[in-house]
Amino acid sequence: MKEKWWHDKTAYQIYPKSFKDGNGDGIGDLRGIIEKLDYLKELGIGILWISPVYQSPFVDQGYDISDYYAIDPAFGTMEDMDELLAEAKKRNIAVVMDLVVNHCSDRHEWFQKALKDPFGKYGQYFYIREGKNGNPPCNWRSYFGGSVWEKLPGYENLFYLHMFAKEQPDLNWENPELRQEIYKMIRWWLEKGVAGFRLDAIINIKKDLRFCDFPTDREDGMCAGSKMLEHAEGVHEFLQEMKEEAFAPYHAFTIGELFDYRQDELERYIGEEGCFESIFDFSPHVLGGCEQGWYNRRKVSPDEFRNAIFDSKRVSQDIGMMANIIENHDEPRGVSRYLPEGEVNETSKKMLAGISLMTFGLPFLYQGQEIGMTNKQFRSIQEVDDISTIDEYRVALDHGLDEEEALKAVAGMSRDNARTPMQWNGGTYAGFSEAAPWLMVNDNYPEINAEEQENRETSVLSFYKKLIALRTEPEYTETIVYGKQVPVLEGLTNFVGFYRQGTGKTLLVLANYQREKRTVCVEAEIKKVVLDNCNTDGDWKQITKTKDGSQISMEGYQFLILEVA
Ligand code: GLC
Ligand code: CA
């Protein structure tokens with residue numbers, strides 16, 4: 001694999017509204033991020049992805065952009081942004097912005113002009129189509145519920161397309177003029193000094209232009225809009241063009257948010273000539289899903305979690321480097337989701353951290369993950385802000401669940417689990433703000449907060465710091481960054497084991513993903529305990545030499561990184 005500057009980094013995602021409030025209005029902002037750069041540096045972060053801070057009416061929390069060239073006043077000013085870039089640079093942290101170009105906000109001037117004259121220049125910036133006698137052109141459901149088609153005000157039979165909320169009209173990538181506008185904007189930000197972009201919902205930019213019906217998959221008589229992706233051909237042409245015209249001249253770092261792509265096309269995304277540098281590995285996150293809705297989801301078992309990661313690495317590690325996450329702003333907290341109920345504690349959280357950071361790929365942390373933040377307990381749907389949860393709640397009610405059941409069914413998947421304010425300390429509003437935050441703080445902030453963990457050697461935060469530091473530790477960096485990942489003891493239940501084989505050094509990673517102790521045997525001689533989440537670093541009592549290798553007895557949820565002789 002050709003070495004890239006970002007390969008040995010650890011990345012961190014900030015959801016700005018909930019990270020740190022710098023001016024006491026209850027909303028996180030750019031000054032808040034600047035304040036916390038030293039904290040991130042101390043953690044070992046080299047890449048910072050900041051979710052959208054552009055001007056927005058916040059129908060989808062900033063993923064509906066009304067001006068790509070402006071910072072929303074809720075977050076600060078362009079001067080704040082420039083300062084953030086400069087301060088990050090001083091600390092050798094590369095800043096990656098969110099690029100949301102599948103759609104814009106209905107308040108964007110392009111759409112406002114299209115509304116005035118759907119047949120003029122700006123009408124061509126969107127997908128405006130005739131309906132079927134006043135009904136939508138086809139039966140696709142938007143990602144946030146309801147038809148993807150919305151009537152154009154003032155017209156009986158004209159509709160515009162929105163894959164997400166109706167306030168997020170899709171941009172017409174078939175129009176070269178629109179594409180040039182986007183590339184121009186990307187170059188403008190790169191000129192400013194951002195290192196690159198995370199590309200939001202990017203596979204959706206290519207549509208199946210037939211706009212025809214597909215078989216219905218829910219009680220509402222529609223079908224998932226994403227179904228069209230199976231028939232949309234040619235997304236790579238757009239992506240390659242964008243790479244050549246906008247990213248490549250600046251050597252920009254690009255990471256795609258890509259669901260529903262075809263496995264055999266991975267090379268075209270992250271291979272040597274691929275259109276992105278990396279994409280997120282969502283393989284564990286799509287598990288347990290169900291076409292009917294969140295109410296029908298099921299909990300993912302440790303084995304399923306392991307198998308998903310292993311399968312994905314088997315396919316991808318010779319092609320390129322994907323990014324590993326356990327959570328982000330669209331997903332529940334990883335520890336609440338992937339650890340068995342009732343077993344979420346510091347030891348098991350560290351184990352999950354270890355698996356994620358030692359797996360082949362670029363580690364990406366989401367704010368609060370490093371202190372082991374958990375899902376929130378929602379007492380009523382009124383406490384929920386997330387547009388997507390509210391829709392799924394309605395779906396559950398329509399299906400026949402009562403209010404309590406519906407809330408229970410969707411709470412675990414709610415995007416708001418990850419969007420509660422960052423827990424900085426045990427004081428008022430968890431030290432996030434002096435004013436009541438826009439979204440309620442998780443009740444557990446007196447126990448789970450950064451300040452308490454910062455100087456405690458056994459904390460989740462301290463463990464993350466050690467894991468992150470290992471990635472650039474001269475002795476291990478080549479093995480951890482590039483070493484081939486080879487599964488071991490795959491037949492065991494509730495267990496994750498793999499080798500990372502570097503040139504000249506091999507590490508063995510073992511995780512006992514259950515409460516019960518167990519003893520395992522491997523065909524390897526152990527030279528050293530590199531890291532252990534059970535605070536027995538360097539203690540050899542657990543490891544005995546056998547005639548063909550080693551026998552290792554492990555505590556419940558123990559996680560070990562061992563150096564193989
Ligand atoms: C992506 C974002 C999500 C947003 C959606 C529409 O999936 O991560 O937060 O709602 O795109 O922009
Ligand atoms: Ca603020």
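In this text, all values refer to a predicted model and were calculated from it rather than measured experimentally. Order of appearance sets the numbers: ligands from 1, and atoms from 1 within every ligand. By convention here, the first residue in the shown sequence is residue 1.
Distances shorter than 4.0 angstrom occur between a heavy atom of Arg415 and an atom of ligand 1. Taking 4.0 Å as the cut-off, Tyr143 does not count as a neighbour of ligand 1 on heavy-atom distance.
The contact set between ligand 1 and Asp60, taken as ligand atoms under 4.0 Å from a residue heavy atom, comprises 4 (C), 5 (C), 6 (C), 10 (O), 12 (O). The contact set between ligand 1 and Glu257, taken as ligand atoms under 4.0 Å from a residue heavy atom, comprises 1 (C), 7 (O), 8 (O). Atoms of ligand 1 found under 4.0 Å from any heavy atom of Arg419 (numbered from 1 in listed order, with element): 9 (O). Shown in contact with His329 at under 4.0 Å from a heavy atom are these atoms of ligand 1, numbered in order with element: 2 (C), 3 (C), 8 (O), 9 (O). Near Arg198, meaning under 4.0 Å from one of its heavy atoms, ligand 1 places the atoms 2 (C), 8 (O). Close approach to His103 involves these atoms of ligand 1, each under 4.0 Å from a residue heavy atom: 6 (C), 12 (O).
For the residue pair Asp208 and Met228, the shortest heavy atom distance occurs at N-SD, 3.5 Å.
Of the charged side-chain nitrogens involved, none lies within less than 4.0 Å of a carboxylate oxygen, so that Arg297 and Glu392 do not count as a salt-bridged pair. With salt bridges taken as basic N to acidic carboxylate O contacts below 4.0 Å, none links Asp217 and Lys227. Between Arg141 and Asp220 there is a salt bridge, since a side-chain N of the basic residue sits under 4.0 Å from a carboxylate O of the acidic one. A salt bridge links Arg31 with Glu83: at least one charged nitrogen is closer than 4.0 Å to a carboxylate oxygen. Look at Arg179 and Glu174 and you find no salt bridge, because none of the NZ, NE, NH1 or NH2 atoms lies under 4.0 Å from a carboxylate O. Asp82 and Lys192 are joined by a salt bridge, as a carboxylate oxygen and a charged side-chain nitrogen come within less than 4.0 angstrom of each other.
From the protein, the heavy atom lying nearest to atom 5 (C) of ligand 1 is Phe164 CE2, 3.6 Å. Among all non-hydrogen protein atoms, the one lying nearest atom 9 (O) of ligand 1 is Asp330 OD1, 2.7 Å. Nearest protein heavy-atom contact of atom 11 (O) of ligand 1 is Asp200 OD1, 2.8 Å.
For Lys184 and Trp188, the positive end is not near the middle of the six-membered ring at less than 6.0 Å and at most 45° from its axis. A cation-pi contact, defined as under 6.0 Å to the ring centre and within 45° of the axis, is absent between Lys20 and Tyr39.
Ring geometry for Trp49 versus His329: interplanar angle over 60°, hence perpendicular rather than tilted (30 to 60°).
Atom NZ of Lys89 sits in a sparse spot, with 12 or fewer heavy atoms from other residues, nucleotides or ligands closer than 6.0 Å.
Contacts between Phe144 and ligand 1, counted as non-hydrogen atom pairs separated by less than 4.0 Å, involve the side chain only.
Taking the ring-ring contact (aromatic ring centres under 6.0 Å, His included) definition, one finds that Trp189 meets it with Tyr54, sequence neighbours left out.
For the Ca ion (ligand 2), the set of protein N/O/S atoms nearer than 3.0 Å consists of Asp21 OD1, Asn23 OD1, Asp25 OD1, Ile27 O, Asp29 OD2, ordered by chain and number.
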